[in-house]
Amino acid sequence: MANEHINWYPGHMKKTRELIQENLKLINAAVEILDARIPVSSKNPVIDELIKNKRRIVILNKSDLGDPKANEAWVKHFKAQGAEPVCMNALTGEGMADLFKVMNRMKDEINKDSVRKKPLRAMIVGIPNVGKSSLINRLAGKKSAKTGNKPGVTRGKQWINLQDQIQLLDTPGILWPKFEDKEIALKLSFVGSIKDEVLDREDLTIELIKYLQERYPELLVNRYNIESVEGEPLDIMERICDKRGFIMSGKRYDYARAARTIMDEFRGGKMGRITLEMPGDK
Ligand SMILES: Nc1nc2c(ncn2[C@@H]2O[C@H](COP(=O)(O)OP(=O)(O)OP(=O)(O)O)[C@@H](O)[C@H]2O)c(=O)[nH]1
Ligand SMILES: [Mg+2]
């Protein structure tokens with residue numbers, strides 16, 4: 001990998017951490033959004049620590065992009081840990097009824113002994129690009145929060161009022177100050193939670209191909225019409241260049257174009273539904 005020591009923490013993430021901290025006194029619940037394709041790697045220990053004293057709902061978002069079998073396994077896994085996981089697709093609203101059920105139950109719990117009913121005030125937290133703003137928009141039934149297919153779209157905080165005394169606070173995504181684990185940094189880059197500029201895109205694509213060779217070889221074969229996934233990841237990339245005509249003058253392979261295409265197609269779910277980590281992985 002081009003950048004062996006990834007040590008980077010954009011200034012606005014430090015600010016967001018402070019923003020979450022300052023707003024803790026205003027909320028009585030936290031909704032932690034994870035990426036269903038990497039439920040462990042998308043769990044931010046910094047966020048975990050910040051919201052540790054709050055009631056928590058865990059959402060496995062983008063479950064439409066995750067392997068259905070893996071989604072099921074993850075729900076079981078989180079339930080066994082005592083959490084209330086909800087699989088969602090924030091774009092279509094799939095899973096929304098379940099989420100409202102959990103939120104309403106939580107609201108009742110909060111108001112169990114009080115005469116004056118308090119609203120559920122939940123802070124939406126998660127790493128960049130997991131769909132926090134999309135979820136809020138979907139729940140609100142209108143475009144209240146700005147979204148975009150890159151990390152760092154939401155900048156400030158924003159309260160949104162839903163029906164039935166539920167209020168949500170959108171927050172910008174935050175990552176860790178430092179990635180101890182290269183695998184985690186890679187997976188966060190695969191799903192677009194770390195900016196593409198941080199790791200070299202061609203290196204990243206090679207690493208993604210490695211994963212797919214191991215876990216979803218048939219999806220690679222089908223998507224790119226290649227004979228097999230035997231060989232080095234670079235060989236696979238070249239086979240894909242051949243198939244797609246990503247060849248430059250002098251018959252040189254256009255790796256940059258192949259990398260862009262493969263990453264886009266993975267992120268857009270074009271290869272199929274793929275989960276990059278399973279419960280019980282090392
Ligand atoms: N397929 C799919 N795409 C989703 C889903 N939720 C969000 N997206 C897409 O993911 C991208 C990021 O969504 P945002 O809602 O902006 O994410 P965010 O967590 O608010 O991101 P930041 O504000 O940058 O931290 C957008 O392109 C959304 O359209 C989902 O459930 N399924
Ligand atoms: Mg956002």
Side-chain angles (χ1 to χ4, degrees), residues 8-20 23 30-39 41-44 46-47 50-51 57-68 70-71 74-75 85-100 122-160 162 168-176 187-198 219 263-276:
W8 138 94
Y9 198 54
H12 68 262
M13 294 202 185
K14 186 170 171 286
K15 273 213 207 123
T16 300
R17 202 167 152 177
E18 289 160 5
L19 181 136
I20 292 179
N23 283 284
V31 179
E32 181 186 30
I33 309 208
L34 304 176
D35 188 313
R37 297 165 295 176
I38 49 166
S41 297
S42 61
K43 201 167 182 37
N44 182 347
V46 174
I47 293 179
L50 281 168
I51 61 172
I57 300 173
V58 175
I59 293 185
L60 295 168
N61 194 41
K62 307 201 183 187
S63 59
D64 56 304
L65 299 175
D67 187 331
N71 289 344
W74 280 114
V75 165
V86 179
C87 273
M88 287 232 29
N89 175 346
L91 300 185
T92 62
E94 210 181 316
M96 203 158 71
D98 292 336
L99 176 58
F100 268 112
M123 187 186 312
I124 310 282
V125 291
I127 62 168
N129 204 42
V130 284
K132 297 176 294 299
S133 299
S134 302
L135 177 75
I136 286 192
N137 288 339
R138 190 65 220 187
L139 295 174
K142 58 177 195 267
K143 199 164 164 32
S144 314
K146 199 173 159 212
T147 64
N149 193 13
K150 56 178 197 271
V153 171
T154 302
R155 288 309 174 124
K157 67 162 182 172
Q158 194 180 0
W159 277 105
I160 316 277
L162 303 187
L168 301 178
L169 179 61
D170 192 12
T171 65
I174 50 171
L175 288 166
W176 313 229
K187 289 178 194 167
L188 292 171
S189 303
F190 293 159
V191 302
S193 286
I194 293 180
K195 278 202 183 84
D196 272 352
E197 296 80 63
V198 176
L219 295 187
M263 287 315 303
D264 283 352
E265 295 192 355
F266 166 74
R267 289 175 182 159
K270 299 234 168 67
M271 295 178 191
R273 299 178 63 173
I274 294 170
T275 298
L276 295 170

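The figures here come from the full heavy-atom set of this structure, side chains too, leaving out hydrogens, waters and symmetry mates. In this text, all values refer to a predicted model and were calculated from it rather than measured experimentally. Counting convention: from 1, in listed order, for ligands and their atoms alike.
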Test side chain to side chain contact (heavy atoms under 4.5 Å, CB included), reference W74, set V58, L60, L34, output is L60

So among I127, I124, T147, which one has a side chain to side chain contact (heavy atoms under 4.5 Å, CB included) with K132?
I124

Protein contact of [atom] - nearest heavy atom, named by residue and atom, plus distance:
atom                    : result
atom 6 (N) of ligand 1  : N61 ND2, 3.2 Å
atom 9 (C) of ligand 1  : K62 NZ, 4.0 Å
atom 15 (O) of ligand 1 : S134 OG, 2.6 Å
atom 21 (O) of ligand 1 : N129 N, 3.1 Å
atom 16 (O) of ligand 1 : G148 N, 3.0 Å
atom 17 (O) of ligand 1 : G131 N, 3.1 Å

Taking distance alone, with no angle check, do [X] and ligand 1 share an N/O pair under 3.5 Å?
X    : result
V130 : yes
A90  : yes
S133 : yes
T147 : no

Look at ligand 1 and say whether G126 reaches it with a heavy atom at a distance under 4.0 Å.
no

State the atoms of ligand 1, each with its element, that fall below the 4.0 Å cut-off from a heavy-atom position in [X].
X    : answer
G173 : 25 (O)
K132 : 15 (O), 17 (O), 18 (P), 19 (O), 20 (O), 21 (O), 22 (P), 25 (O)
D64  : 1 (N), 2 (C), 30 (C), 31 (O), 32 (N)
N89  : 30 (C), 31 (O), 32 (N)
L65  : 1 (N)

To the nearest 0.5 Å, what is the distance between OG (S134) and CG (D170)?
9.5 Å

How long is the gap from CE on M123 to CG on L169, to the nearest 0.5 Å?
5.5 Å

Donor-acceptor contact below 3.5 Å, side chain [X] vs main chain [Y]:
X    : Y   : answer
R273 : L65 : no
K43  : I38 : no
N89  : D64 : no
N61  : A90 : yes
S63  : A36 : no

T147 near the Mg ion (ligand 2): N/O/S under 2.8 Å
no

Taking atom CD of E265 as the centre, report whether more than 12 heavy atoms of other residues, nucleotides or ligands fall under 6.0 Å from it.
yes

Of all the heavy-atom pairs spanning L19 and P172, show the shortest one and how long it is.
CD2-CD, 4.5 Å

Among L91, L60, D35, whose heavy atom sits nearest atom 2 (C) of ligand 1?
L91

